[in-house]
Amino acid sequence: MNIVLTGMMGTGKSIVGKKLARKLNMSYVDTDEVIEKEAGCSINEIFAGDGEKKFRIIEKKAVKYVSLLNNYVISTGGGVVKYAENMDELEKNAVIICLTADPDTIYKRTKKYINRPLLKVDDPEKEIEKLLKQREKFYSRCDLMIDTSNKKVNEITGDIVKYIGSIKKA
Ligand code: S3P
């Protein structure tokens, strides 16, 4: 079985995912890294060159690929949830956990990085609010939601380990 971490940019998927994998003795993979390897360039370059549409096509391939793995913690890009076929693939062999945070926290966590093409807009705070609202409905397909706004990485991994333990017992 795999554990998928999804949710908006800046909610802590990568840092939590790496820590969780170490804690549970699982391997770790990030769909954005699979995409960059496949495309031979950065996410920024894909968006700038071929646009978001092309990025989503490569992303779907990456999701298919990681869904076939086993005993992995998989961090996905924040937009993966928007496409039912991505969720269908991931659900086959994974518990899907959605990390969330309030818009202000997401803004503070993402503003220092330039690797988020969707937030390269005049008003990134407004864009974060818009994306969160647009994506809200897709998060209902996830098995568990964790608000990471005021939580330390250790607490979040602890919550996930507890949850995984509870479903194994059931
Ligand atoms: C995206 C999130 C990014 C990356 C791409 C698009 C999104 O990943 O896949 O920039 O649509 O939310 P992170 O969520 O890891 O930042």
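Owing to the predicted nature of the structure, the values given are computational and were not obtained by experimental measurement. Whatever order the structure lists them in is the order used to number ligands and atoms, beginning at 1. Side-chain atoms are counted along with the backbone in the values below, which use heavy atoms only and exclude waters and symmetry mates.
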- [ ] Could you check atom 5 (C) of ligand 1 against the protein and tell me its nearest heavy-atom contact, residue, atom and distance included?
- [x] F55 CZ, 3.8 Å

Task: Distance from atom 14 (O) of ligand 1 to nearest protein heavy atom, with residue and atom - done: K13 NZ, 2.4 Å

- [ ] State plainly whether one hydrophobic cluster holds both I74 and L24, where clusters connect Ile, Leu, Val, Met, Phe, Trp and Tyr through side-chain heavy atoms under 4.5 angstrom apart.
- [x] no

Task: D104 backbone acceptor or donor facing D102 side chain under 3.5 Å - done: yes

TODO: Please determine if E136 and K133 form a salt bridge, counting it only when a charged side-chain N lies under 4.0 Å from a carboxylate O.
DONE: no

Task: Region of N115 that comes within reach of ligand 1 [heavy atoms, distance under 4.0 Å] - done: neither

Open item on the list: Evaluate S42 against N44 for side-chain hydrogen bond (donor to acceptor under 3.5 Å, both in side chains), listing each step before the verdict.
Closed with: CA-CA 5 Å; S42 69; N44 267 340; 5.2 Å; no

Open item on the list: At less than 4.0 angstrom from any non-hydrogen atom of G79, what atoms of ligand 1 do you find?
Closed with: 7 (C), 11 (O), 12 (O)

Task: Y72/V66 under side-chain contact (heavy atoms from CB on, under 4.5 Å): CA gap, chis, key distance, verdict - done: CA-CA 9 Å; Y72 270 74; V66 298; over 6 Å; no

Task: atom 16 (O) of ligand 1: nearest protein contact (heavy atom, Å) - done: R116 NE, 2.6 Å

TODO: Go through ligand 1 atom by atom and flag the ones less than 4.0 Å from a non-hydrogen atom of P117.
DONE: 10 (O)

Open item on the list: Under 3.5 Å, is there a donor on one side chain and an acceptor on the other for K23 and T157?
Closed with: yes

Open item on the list: Quick test of your reading of the model: are D30 and K37 salt-bridged, counting only N-O distances below 4.0 Å?
Closed with: no

TODO: Run the numbers for me: atoms of ligand 1, each under 4.0 Å from some heavy atom of G77, listed by number.
DONE: 8 (O), 9 (O), 14 (O)

Task: Residue, atom name and distance, where the atom is the protein heavy atom closest to atom 3 (C) of ligand 1 - done: D32 OD2, 3.6 Å

Task: Winner among E52, R56, R135, R109 once heavy atoms are compared against atom 6 (C) of ligand 1 - done: R56

